Amino acid sequence: MPILTIKNWLDPVLRKKGTPVENIDEALVKLTEDMYETTLDAKGAGLAANQIGLAYNLVVVDMGIEKGKHDLVTLINPVITALDGEELSEEGCLSIPEVYATIKRALHVEIKATDLDGNDVRYEAEGFMARAFQHEMDHLKGALFWDNLGRARRDLLKRKFKKKQKEKMT
Ligand SMILES: [Zn+2]
């Protein structure tokens, strides 16, 4: 199974809203398998389809990452049904590698989605996993974790990103 290339935030696809997935077919199953591999390879908590260049309403999340036991799930056309509480914590993004910021998120989240068998599924999560879900849901809106920070903080993170990219080239 090939590991897909993760687009970085400079790619306009990261600003595209996900279009609803209408058919669950072989190609979609194959795509999610590749997304699982890519998430594991990148040591990420999740991946949205637009991060690999396909702006669909589709994310994969590793529900087991906190326990060190991988448990990847596919969420097709996910919707947040409840958000509760508040937590400040450090957050990163596979499309903004090696750059982290403290971001305010809901502490508790409930999500409904469709799975690969076409069944309705619901997930509840708290803390780190709730953060991961909210982060991936943002990607489906074409949003990035630094969008709600002030301009100055975001510019600082952009400079950090550029510096890290430069280091990688040399
Ligand atoms: Zn991300």
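Because the structure is predicted, anything quoted here is derived from the model rather than measured. Start at 1 with the first residue, then count along the sequence. These numbers come from the heavy atoms of this one structure, side chains and all, not from hydrogens, waters or symmetry mates.
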Exercise for review: Report the C-alpha separation of E86 and K104 in whole Å, then their side-chain angles, then the decisive distance to 0.1 Å, and conclude whether the salt bridge (charged side-chain N to carboxylate O under 4.0 Å, His left out) test is met.
Suggested key: CA-CA 7 Å; E86 205 174 275; K104 193 196 280 179; 3.8 Å; yes
Set of side chain to side chain contact (heavy atoms under 4.5 Å, CB included) partners for [X], sequence neighbours left out:
X    : answer
K168 : P97, E98, Q165
H108 : D84, E110, E124, E126
A125 : V109, M129, A130, F133

Revision key, fill the gap. Of V59, L116, N57, the one forming a side chain to side chain contact (heavy atoms under 4.5 Å, CB included) with I76 is L116
Point to revise | side-chain hydrogen bond (donor to acceptor under 3.5 Å, both in side chains) pairs, two or more places apart, involving residues 59-73 | key: D62-H70
Taking atom [atom1] as the centre, does [X] end up with more than 12 heavy-atom neighbours from other residues, nucleotides or ligands that are less than 6.0 angstrom away?
X    : atom1 : value
K16  : NZ    : no
E90  : CD    : yes
D147 : CG    : yes

Check your understanding: Is I111 reachable from L107 through a run of I, L, V, M, F, W or Y residues, each pair having side-chain heavy atoms under 4.5 Å apart?
Key -> no
Review point. Is it true that Y100 and L149 fall in one hydrophobic cluster, defined by side-chain heavy atoms closer than 4.5 Å?
Key: no
Exercise for review: Kindly state each residue pair satisfying ring pair (Phe, Tyr, Trp, His ring centres under 6.0 Å) with at least one member in residues 5-42, sequence neighbours excluded.
Suggested key: W9-W146, W9-F161
Side-chain touch [X]/[Y], heavy atoms, less than 4.5 angstrom:
X    : Y    : answer
T39  : L72  : yes
K7   : N50  : no
K112 : Y123 : no
P2   : E37  : no
L47  : I6   : yes

Practice item. Using a strict cut-off of less than 4.0 Å between a Lys/Arg side-chain nitrogen and an Asp/Glu carboxylate oxygen, indicate whether K30 and D34 qualify as a salt bridge. Key: yes
Practice item. Consider only side-chain N and O atoms of Q51 and S95, and report whether a donor and an acceptor are under 3.5 Å apart. Key: yes
Practice item. Could you list the residues that satisfy side-chain hydrogen bond (donor to acceptor under 3.5 Å, both in side chains) with E91, not counting sequence neighbours? Key: R105, R131, H135
Practice item. Can you measure from OG1 (T38) to CD1 (I3) and round to the nearest 0.5 angstrom? Key: 6.0 Å
